[in-house]
Amino acid sequence: MSVSDQGATVWLTGLPSAGKTTIAYALAERLRGEGHRVEVLDGDEIREFLSAGLGFTREDRHTNVQRIGFVAELLASNGVKALVPVIAPFADSREAVRKRHAAEGTSYLEVHVATPVEVCSERDVKGLYAKQAAGEISGLTGVDDPYEAPESPDLRIESHTQTVQESASALHALLTERGLA
């Protein structure tokens, strides 16, 4: 199996508007340019199609993460780099996904996009922080709903101190170091 044929799941966890999806797409473009098969499993798209009907209770969030983890492992075990920019706020949910990958012998990397909530709130890509501040929504991860940051991720990216390309390059370097790029 050549390097480009080896799949892996790269889970990018972090607060809303941390930069997870932007970094994932920048990395995907670079990996595709190198001949890798890549899919980005965007959390918003997954919620619309694969997890329609789920809410944002702890149980529903866990179910959503497990569904995404299943699809990511399926892709990765078939030679695809599955980039997963999904909040996955609970450590036990992320650990269950890691264990599924380990049981299947599939590479799994956890990346914490560690952007402070103040910076995420300023970016507010989807207007969630503004809606929460106005009382229009509740249960915003990292504000009035818990976010359990990874204690020992494979990589921690401080996206507020570097460019998107620098963040994607740091992640690419990790993949290279692990023999996955």
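Side chains are part of it too, since the values below use all heavy atoms of this structure and drop only hydrogens, waters and symmetry mates. None of these values were measured; they are calculated from a predicted model.
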Compare all side-chain heavy atoms of [X] with those of [Y] and state whether any distance is below 4.5 angstrom.
X: Trp11; Y: Ile68; answer: yes
X: Arg32; Y: His36; answer: no
X: His172; Y: Glu34; answer: yes
X: Leu75; Y: Arg37; answer: no
X: Pro16; Y: Leu140; answer: yes
X: Pro89; Y: Thr141; answer: yes
X: Val86; Y: Thr13; answer: no
X: Tyr147; Y: Leu15; answer: yes

Decide whether [X] and [Y] are clustered together by the hydrophobic rule: side chain heavy atoms of Ile, Leu, Val, Met, Phe, Trp, Tyr closer than 4.5 Å, transitively.
X: Val84; Y: Val113; answer: no
X: Leu174; Y: Leu27; answer: yes
X: Tyr108; Y: Val10; answer: no
X: Leu128; Y: Val117; answer: yes
X: Tyr129; Y: Ile137; answer: yes

Please report the interatomic distance [atom1]([X]) to [atom2]([Y]), rounded to the nearest 0.5 Å.
X: Leu109; Y: Asp154; atom1: CG; atom2: CG; result: 5.0 Å
X: Gln165; Y: Glu29; atom1: CD; atom2: CD; result: 7.0 Å
X: Arg98; Y: Ser93; atom1: CZ; atom2: OG; result: 13.5 Å
X: Ile157; Y: His112; atom1: CD1; atom2: NE2; result: 10.5 Å
X: Ser107; Y: Arg178; atom1: OG; atom2: CZ; result: 9.0 Å
X: Ile87; Y: Arg94; atom1: CD1; atom2: CZ; result: 11.0 Å

Using every non-hydrogen atom in the two residues, find where [X] and [Y] come nearest and quote the distance to one decimal.
X: Leu180; Y: Lys81; value: O-CE, 2.7 Å
X: Pro85; Y: Asp42; value: CG-CA, 4.3 Å
X: Glu151; Y: Pro153; value: C-CD, 3.6 Å
X: Ala130; Y: Asp124; value: N-OD2, 2.9 Å
X: Asp60; Y: Gly55; value: OD2-N, 2.6 Å
X: Tyr25; Y: Glu45; value: OH-OE2, 4.2 Å

Residues [X] and [Y]: side-chain donor-acceptor under 3.5 angstrom:
X: Glu104; Y: Ser77; result: no
X: Thr115; Y: Ser159; result: yes
X: His160; Y: Glu122; result: no
X: Thr9; Y: His101; result: yes
X: Ser169; Y: Arg30; result: yes
X: Asp144; Y: Ser138; result: no

*asked:* Could you tell me if Arg100 sits above the aromatic ring of Phe70, with its cationic atom closer than 6.0 Å to the ring centre and no more than 45 degrees from the axis?
replied: no
_Distance to the ring centre below 6.0 angstrom and angle to the axis at most 45 degrees; does that hold for Arg47 and Phe56?_
yes
*asked:* For the backbone of Glu166 and the side chain of Thr163, can you confirm whether one donor and one acceptor N or O come within less than 3.5 Å of each other?
replied: yes
*May I have the step-by-step check of side chain to side chain contact (heavy atoms under 4.5 Å, CB included) for Val119 and Arg123, ending in yes or no?*
CA-CA 6 Å; Val119 175; Arg123 290 177 180 171; 3.7 Å; yes
*asked:* Run the side chain to side chain contact (heavy atoms under 4.5 Å, CB included) test on Leu175 and Leu31 for me, step by step, so that the C-alpha distance in whole Å, both residues' side-chain angles and the decisive distance to 0.1 Å come before the verdict.
replied: CA-CA 10 Å; Leu175 287 169; Leu31 290 170; 4.1 Å; yes
_As a quick check of understanding, evaluate side chain to side chain contact (heavy atoms under 4.5 Å, CB included) for Leu74 and Val80, giving each step before the final call._
CA-CA 9 Å; Leu74 188 64; Val80 176; over 6 Å; no
*So, Asp145 and Arg61, do they make that salt bridge, N to O below 4.0 Å?*
yes
*Test Glu73 against Val97 for side chain to side chain contact (heavy atoms under 4.5 Å, CB included), laying out the working first.*
CA-CA 9 Å; Glu73 195 286 321; Val97 172; over 6 Å; no
